[in-house]
Amino acid sequence: MMKKVLTTLFISLGFFLGISSGLMAQEGVTDTEIHIGQWGPQSGPAAPWGSVARGSGDYFKWINENGGIHGRKIVYHMFDDGYNPAKTKAGVKELQEGTGIFAWVGGVGTSSGLAVREYLMDKKVPWVGPSTGSLAWVSPPYKYLFGVYPLYFSEAKTLVKYAVETMDKKRVAVIYLNDEYGKNGLRGAMEQLAVHNMELVAEVPVEKSDTDMKPHVMKLRKSEADMVLLWVTPDAAVRIVGTAKAMQFTPQFMSTSTLSDFALMSHISKGLWEGVICATFGELTDGDDPGMAQYKQEVFEKYASREERFSLFYTAGIMFAEPLIEGLKNTGRDLTTERFVTEMEKIKDFKGIGSLVSYKPYDADDIYSRQGARHTFLVECLADGKTKKLTGWMRMD
Amino acid sequence: MIDFIQMIVSGIAVGSSYALMGLAMVIIYKTSEVPNFAQGEMALISSFFAMMLLTTLNISVYLAFFLALVFAVLLGCFLEFAILRRAKNPNILGFIIITIGIEMVIVGLVSWKFGAEQKTMPFPIGPYDSFIFGDIFISKLEVLTLVAAMLLMGVLFSFFKYSKLGLAMKATQQNSTAAKIVGIRTNRIMMVTWGISSLVGAVAGLLLSPVIMQPYMMWDPMLKGFAAAVMGGMTSLPGAVVAAYMLGIIENLFGGYISLEFKSVVAFAIIVIVLCFKPSGLFARHYVKKV
């Protein structure tokens, strides 16, 4: 009898301690570790953007080597989702519910991010710096989601404004990928043109599977556009610019930050990218920013694999993670989700290798309570993929 | 009118790469009745092989292309000998699954060895160098692809019609057992068929490579080539070529006059229509079950 009572007592005590410790412990945080997750395509059609997740990983190694954060090391969990939202969802759930992740960082792909946004927000798991500039992350804002990438919508507005006001362009056309990414650019361009009492002279959709761009370029040529805004994939952009050249159609091409890796674009277009103007989201990899130089020397040269390139996307992986690290540092040793969110909200004019980042206390009606980056600068591609800065950092509307 | 002519010219230009892939698929189908879904990736790895030779050995582009074509023939023979022949009494579905498996392995191999970032093949003709006739243009590379497609079609057509080996290939397809009885080494015939098919696909891959190279570059041409082959009747070489040019032209006209959004899928809508009304394809002489 006594044995039975004792057994019951021990089991009850075990359950109590288990539940209460579960209630008290912060998911993804131990005395010595903070677990951070990220998905990124290491295979499949979007694999060239896989360097984002690798850049973040090397940055965390550097943080750990420099003492970690308040006595804790970052344990980084990166998985390959192949740019497939179904795989993103499965991988995120597996890590979140299996290992336990304190916060997610980056994450390439609007569709991939959309597949897990509700899940992460319902579970109140912080997510800092989705690796796309979609409005979907901040309109409406989510309490646990902090945007770092400047909005495509705002980039398009800035480019059109520059074309009309500074370059005196009169006929603007947009060629866009027929998805969320492309439509964000299209919407921004239309809105900015309305400010100038102008309208698009052509809007041409491109499908992901399109490889023959002649019909598209014929439409652009017919519109007699003097500025064409490209909001497509790198492959499609090169084909469009090349086909336009072949058709002797020579407008000013302008494009989004996703196509501002001039070294790559110049190489794959065999020099045709020269003269294209892009918005960009971070300091130039070949520029004179001291932060960028430090990362090149202390992160890239030390931790990156031999095949890695110190590219825009590799450094973007660092850039998206910088505000997360800032938030973790400011939170201190007593790390909980709510305290972390409060500290993130206090970040004001934080300057890493990207735009200034500022957040505000959560306001469901203010996208800038969660959209941290609001600045960009414009660059022009020169011969051999070199970069010319056309403007300094500008605040976007 | 200028636009209409330009669309027709552009359709013919883009149809050439579909034609080459279609030809490659028809060659294997003619002897084994297997649609080879690894066709695109066999061309892919041959193209990357040429790229590797160019960048590491610093040899001339012509020699690199020639060696890549030799590699393509050996690869085709190897795949037939080492993988397909080893399958134990597989049915057609089994063969199709094997080719899909080969396709996945090759894509993985190319991604691992050469990385995912886009590249471009050095080539004497720039990908956008063009002939201009008034307001009509056609790229020089596409003219070269067109000439290659026509030439290969002619050579293959004559080969299947008049050469001993070509006739043996036909006999193997029509009745493998009877072919064996009359002394045809059907295994060897199959191996040679895969080699020739791989060579034709590699020509398409090499002529697409000066534009952009990445591990998924052959997926779309392969699908369009397959669509053309089905439309042409799967066993007809001229049928596949004519259907490929029809597809290219229809795609361009559809994109120009109806909808750019659905331009890429119009090929597959056409297949469905063709299979509904003429299941043997547009150019096959008799009814054969295809897909």
Side-chain angles (χ1 to χ4, degrees), chain A residues 41-51 80 82-83 175-176 178 203-219 221-222 233-249 261 263-272 305 307-309 311 313, chain B residues 2-3 6-7 9-11 13-15 17-18 107-108 111-112 114-123 126-132 135-142 208 210-217 219-221 223-224 248 251-257 259-265:
Chain A
Q42 304 303 309
S43 59
W49 295 325
S51 51
D80 174 18
Y83 208 55
I175 182 161
Y176 65 98
N178 197 9
E203 48 181 281
V204 181
V206 175
E207 299 301 317
K208 273 183 191 148
S209 56
D210 285 346
T211 49
D212 173 26
M213 296 295 164
K214 293 183 202 79
H216 307 77
V217 177
M218 281 172 71
K219 285 212 162 161
R221 187 175 67 168
K222 209 172 173 183
T233 58
D235 290 23
V238 168
R239 289 174 198 274
I240 291 162
V241 172
T243 307
K245 187 208 162 204
M247 285 190 181
Q248 298 178 327
F249 170 57
D261 186 345
L264 173 71
M265 295 304 291
S266 183
H267 171 64
I268 62 174
S269 69
K270 297 191 172 172
L272 294 177
S305 69
E307 293 78 29
E308 196 71 76
R309 196 164 56 85
S311 64
F313 296 113
Chain B
I2 294 287
D3 280 355
Q6 178 68 68
M7 281 176 211
V9 171
S10 302
V14 77
S17 54
Y18 303 166
V107 164
S111 303
W112 166 75
F114 299 99
E117 214 164 65
Q118 294 94 335
K119 294 166 185 64
T120 177
M121 177 90 80
F123 195 66
Y128 304 105
D129 293 349
S130 303
F131 294 112
I132 311 248
D135 276 346
I136 310 294
F137 93 104
I138 182 164
S139 104
K140 290 179 181 173
L141 193 61
E142 284 170 337
L208 286 169
V211 183
I212 270 187
M213 295 178 82
Q214 40 98 351
Y216 290 83
M217 68 183 230
W219 185 240
D220 189 58
L223 280 182
K224 299 285 170 62
E251 266 189 354
N252 265 269
L253 290 176
F254 191 87
Y257 291 116
S259 161
L260 276 172
E261 279 99 328
F262 295 103
K263 172 183 158 281
S264 289
V265 292

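Keep in mind it's a predicted model, so treat the numbers as computed, not measured. In what follows, chains carry the letters A, B, and so on, assigned in the order in which the sequence lines appear, proteins first and then strands, with residues in each chain numbered from 1.
The most heavy-atom pairs under 4.5 Å with chain B, out of A:Pro205, A:Pro41, A:Gly50, A:Ser311, come from A:Pro205. Most heavy-atom pairs under 4.5 Å with chain A: of the set B:Gly126, B:Ser130, B:Ser139, this distinction falls to B:Ser130. Interface summary for chain B: among A:Gln42, A:His216, A:Lys222, the most heavy-atom pairs under 4.5 angstrom belong to A:His216. Of the listed residues (A:Asn178, A:Thr211, A:Asp210), the one with the most heavy-atom contacts under 4.5 Å to chain B is A:Asp210.
The shortest non-hydrogen separation linking A:Pro234 to B:Gln118 is CB-NE2, 3.7 Å. Of all heavy-atom pairs spanning A:Pro215 and B:Asn252, the tightest one is CG-OD1, 3.3 Å. Closest non-hydrogen pair, A:Lys219 versus B:Gly256, comes out as CE-O, 3.8 Å. The two residues B:Ile212 and A:Asp235 have their closest heavy-atom pair at CD1-CA, 3.7 Å. Nearest heavy atom pair, residue A:Thr243 against residue B:Phe137, reads CG2-CZ, 4.3 Å.
Summarising the local packing, OH of B:Tyr257 is surrounded by more than 12 heavy atoms from other residues, nucleotides or ligands at distances under 6.0 Å.
The part of A:Arg309 that comes within reach of chain B is its side chain, from C-beta onward, which places non-hydrogen atoms under 4.5 angstrom from that chain. Contacts of B:Pro215 with chain A are absent, with no heavy-atom separation under 4.5 Å from either backbone or side chain. Looking at B:Leu223, there are no atoms closer than 4.5 Å to chain A (heavy atoms on both sides), in backbone or side chain. Contact annotation for B:Ser111: neither backbone nor side-chain heavy atoms come within less than 4.5 Å of a heavy atom of chain A. Looking at A:Gln248, only its side chain comes within 4.5 Å of chain B, counting heavy atoms on both sides. Heavy atoms of A:Glu207 lying under 4.5 Å from chain B belong exclusively to its side chain.
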Identify each donor-acceptor pair in which a side-chain atom of residues 263-272 of chain A lies under 3.5 Å from a protein atom, sequence neighbours left out, and give them as a table.
unit_1, atom_1, unit_2, atom_2, d
A:Ser266, OG, A:Gly385, N, 3.3
A:Ser269, OG, A:Met265, O, 2.8
A:Ser269, OG, A:Ser266, O, 3.4
A:Ser269, OG, A:Leu272, N, 3.2
A:Ser269, OG, A:Trp273, N, 3.0
A:Lys270, NZ, B:Thr120, OG1, 3.4
A:Lys270, NZ, B:Met121, O, 2.7
A:Lys270, NZ, B:Pro210, O, 3.3

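B:Phe114 is linked by a ring pair (Phe, Tyr, Trp, His ring centres under 6.0 Å) to B:Phe48, counting only residues two or more places apart in sequence or in another chain.
Expressed to the nearest 0.5 Å, how far NZ of B:Lys224 lies from CG of A:Asp212 amounts to 8.5 Å. Note: B:Glu251 CD to A:Lys214 NZ = 10.5 Å, rounded to the nearest 0.5 Å. The distance from atom CE of A:Met218 to atom CD of B:Gln6, rounded to the nearest 0.5 Å, is 5.0 Å.
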A:Met247 vs B:Tyr128, test: side-chain contact (heavy atoms from CB on, under 4.5 Å). Steps then yes/no. CA-CA 9 Å; A:Met247 285 190 181; B:Tyr128 304 105; over 6 Å; no
